[in-house]
Asker: 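A single structure is presented below for examination.
Keep in mind that the numbers below use all heavy atoms, side chains included, and drop hydrogens, waters and symmetry copies.
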Amino acid sequence: MLEQNQSLTSLSLANAKLPSSAWPRFFGSLKKNHTLTDLSLRGVLGKPEHIDLLTDYLCTNPALQQLNLGDNNI
């Protein structure tokens with residue numbers, strides 16, 4: 001759904017409890033969405049591999065203007 005929604009501009013997963021297996025698919029979907037300008041991942045990036053996925057995603061979205069990574073112990 002994320003990759004097909006070309007009107008999504010803001011997304012918050014603040015304090016969401018996603019299983020580790022969901023993160024690769026989540027970021028893979030976000031890579032295909034080029035309209036997202038505001039992303040909140042506050043308190044959800046619990047593992048180093050999640051940071052790696054985020055880093056890879058950030059290289060693919062030139063539209064992103066705001067990113068909230070608070071409470072992630074980065």
Asker: Kindly write out the residues that satisfy side chain to side chain contact (heavy atoms under 4.5 Å, CB included) with L69, not counting sequence neighbours, or none if the list is empty.
Answerer: L41, L45, L54, L67, N72, I74
Asker: For H50 and S20: C-alpha separation, side-chain torsions, deciding distance, then whether side-chain contact (heavy atoms from CB on, under 4.5 Å) applies.
Answerer: CA-CA 8 Å; H50 300 161; S20 287; 3.8 Å; yes
Asker: With a 3.5 Å distance limit and no angle check, can you tell me whether T9 reaches the backbone of T35 through a side-chain donor-acceptor pair?
Answerer: no
Asker: For L8 and S10, work out which heavy atoms get closest and say how close.
Answerer: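 In this case the closest contact between L8 and S10 is CD1-O, 3.4 Å.
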Asker: Which residues pass the side chain to side chain contact (heavy atoms under 4.5 Å, CB included) test with S12, sequence neighbours left out?
Answerer: A14, S40
Asker: Spell out, as yes or no, whether a donor-acceptor pair under 3.5 Å connects the side chain of T37 to the backbone of L64.
Answerer: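 Pair absent, no side-chain N/O of T37 close to backbone of L64.
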Asker: Any sub-3.5 Å donor-acceptor pair from N61's side-chain atoms to L30's backbone N or O?
Answerer: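 A pair under 3.5 Å: no.
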Asker: Which residues pass the side chain to side chain contact (heavy atoms under 4.5 Å, CB included) test with P48, sequence neighbours left out?
Answerer: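 Partners of P48 under the side chain to side chain contact (heavy atoms under 4.5 Å, CB included) test: none.
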Asker: Check whether any side-chain heavy atom of L58 lies under 4.5 Å from a side-chain heavy atom of F27, and answer yes or no.
Answerer: no
Asker: Who pairs with D56 by side-chain hydrogen bond (donor to acceptor under 3.5 Å, both in side chains), at least two apart in sequence or on another chain?
Answerer: K31
Asker: A side-chain contact here means heavy atoms from C-beta on lying under 4.5 Å apart; do F26 and L53 qualify?
Answerer: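 Not in contact.
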Asker: How would you list all residue pairs meeting salt bridge (Lys or Arg N to Asp or Glu O under 4.0 Å) that involve residues 33-49, not counting sequence neighbours?
Answerer: R42-D71
Asker: Going through the checks in order, is the side-chain contact (heavy atoms from CB on, under 4.5 Å) test met by L39 and Y57?
Answerer: CA-CA 12 Å; L39 177 62; Y57 162 69; 3.9 Å; yes
Asker: Mind checking the CG-OG spacing from N33 to S7? Nearest 0.5 Å is all I need.
Answerer: 8.5 Å
